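Written out below as structure tokens is the structure these notes cover.
Quick caveat: nothing in here was measured; it's all calculated off a predicted structure. A, B, ... follow the sequence lines: proteins, then strands. Residue 1 opens every chain.
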Amino acid sequence: MTRRTPPRRVARSVLDRDSPDVARLLLNKVLRVGPCAGRIVEVEAYRSDDPASHSFRGRTKRTEVMFGPAGRLYVYFVYGMHWCANVVTGAEGDGQAVLLRALAPIDGLDVMASRRGRTDRLAEGPATLCQALGIDGSFNGVDLCAVDAAAPAPIGLYDDGVPPPSVPVIGPRIGITKAVDVPWRFRVPRVPA
DNA sequence: GGAACGATCTGC
DNA sequence: CAGATCGTTCCC
């Protein structure tokens, strides 16, 4: 993937809208955590009026960040061993987020490979993505749209000029048991060349 | 206080 | 296809 423009941070205003819309916009954006970076190629949208969402049952200690302002990272622990990361979207109080499901690695491949214990499929799946980038609970709530001194490592969401796909692959979300037919998973299609 | 259940991944 | 493994949530 050729970088077309110098990377610049994604503006918070881009994220301050409905998560299914933000989900499409996040495709092909770049997430950087320390020395590692990758292009976002698969995401899922969640909303508070959505039975599959953590925010569906209202504000709790865990979902506090999800109800906060757009642009922060919502990190949660699941299945007793995995971390998953979301970008919070919408207005403060909305309880919306976009789950990051897969990245195409750009920088820090060696670090990612070391953390993953393998050299292929470095960031395919929400939990492996977090493992590859070193994202854990200490990253919960960090701001992706500005330098966050409280973050465990330099982190941010960037636009390097590569636009979202005009026609993303759309499908149902993975691993949920409610609202299983809602088509809020979005993926960058495999490009012809 | 206790139990059920995950927005998953890996290896068999 | 089942096991790993534990925080969060909800019910008694």
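- In this entry the distance linking CD of Q96(A) with C1' of dA7(B) reads 16 Å, nearest Å.
- For DNA chain B, the neighbouring residues in residues 171-182 of chain A, judged by any heavy atom under 4.0 Å, are I174(A), G175(A), I176(A), T177(A).
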Under 3.5 Å, sequence neighbours excluded: what are the donor-acceptor pairs made by side chains of residues 75-89 of chain A?
unit_1	atom_1	unit_2	atom_2	d
N86(A)	OD1	L99(A)	N	3.4
N86(A)	ND2	Y74(A)	O	3.2
T89(A)	OG1	R17(A)	O	3.4
T89(A)	OG1	Q96(A)	OE1	3.3

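- To the nearest 0.5 Å, atom CG of residue L133(A) and atom CG of residue L122(A) are 10.0 Å apart.
- By the side chain to side chain contact (heavy atoms under 4.5 Å, CB included) test, T119(A) pairs with A113(A), sequence neighbours left out.
- Within residues 66-88 of chain A, the residues having any heavy atom closer than 4.0 Å to DNA chain C are, in order of number, F77(A), Y79(A), G80(A), M81(A).
- Looking at P126(A) and E44(A), their side chains never come closer than 4.5 Å, going by heavy atoms from C-beta outward.
- Side-chain contact between R39(A) and D160(A) is present, with heavy atoms from C-beta onward closer than 4.5 Å.
- Here CD of E42(A) is found 10.5 Å from CG of L100(A). Values are rounded to the nearest 0.5 Å.
- Judged by distance alone, with hydrogens and angles left aside, the side-chain atoms of R9(A) form a donor-acceptor pair with the main-chain N or O of L144(A) at under 3.5 Å.
- Under the 4.0 Å criterion applied to side-chain N and carboxylate O atoms, D148(A) and R72(A) are not assigned as salt-bridge partners.
- Within residues 112-131 of chain A, no residue is approached by DNA chain C to less than 4.0 Å at the level of any non-hydrogen atom.
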Which pairs would a plain distance check flag for residues 163-183 of chain A, meaning a side-chain donor or acceptor within less than 3.5 Å of a matching protein atom at least two apart in sequence or in another chain?
unit_1	atom_1	unit_2	atom_2	d
R173(A)	NH1	A45(A)	O	2.9
R173(A)	NH1	D50(A)	OD2	2.6
R173(A)	NH2	D50(A)	OD1	3.1

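- In terms of the side chain to side chain contact (heavy atoms under 4.5 Å, CB included) criterion, S114(A) has no residue partners (sequence neighbours excluded).
- Side-chain atoms of N140(A) never come within 3.5 Å of backbone atoms of G137(A) as a donor-acceptor pair (strictly under, hydrogens ignored).
- R121(A) is linked by a side chain to side chain contact (heavy atoms under 4.5 Å, CB included) to R118(A), E124(A), counting only residues two or more places apart in sequence or in another chain.
- Qualifying ring pair (Phe, Tyr, Trp, His ring centres under 6.0 Å) partners for F67(A), counting only residues two or more places apart in sequence or in other chains: none.
- By the side chain to side chain contact (heavy atoms under 4.5 Å, CB included) test, V111(A) pairs with P35(A), C36(A), R115(A), sequence neighbours left out.
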Review item, nucleotides 9-12 of chain C N/O atoms under 3.5 Å of protein N/O:
unit_1	atom_1	unit_2	atom_2	d
dT9(C)	OP1	T60(A)	OG1	2.4

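- In this structure, CZ in R24(A) is found 10.5 Å from OG in S19(A), a value given to the nearest 0.5 Å.
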Nucleotide-level pairing of DNA chain C, given in dot-bracket where Watson-Crick and G-U pairs need both distances under 3.5 Å and | marks other strands: ||||.||||||.
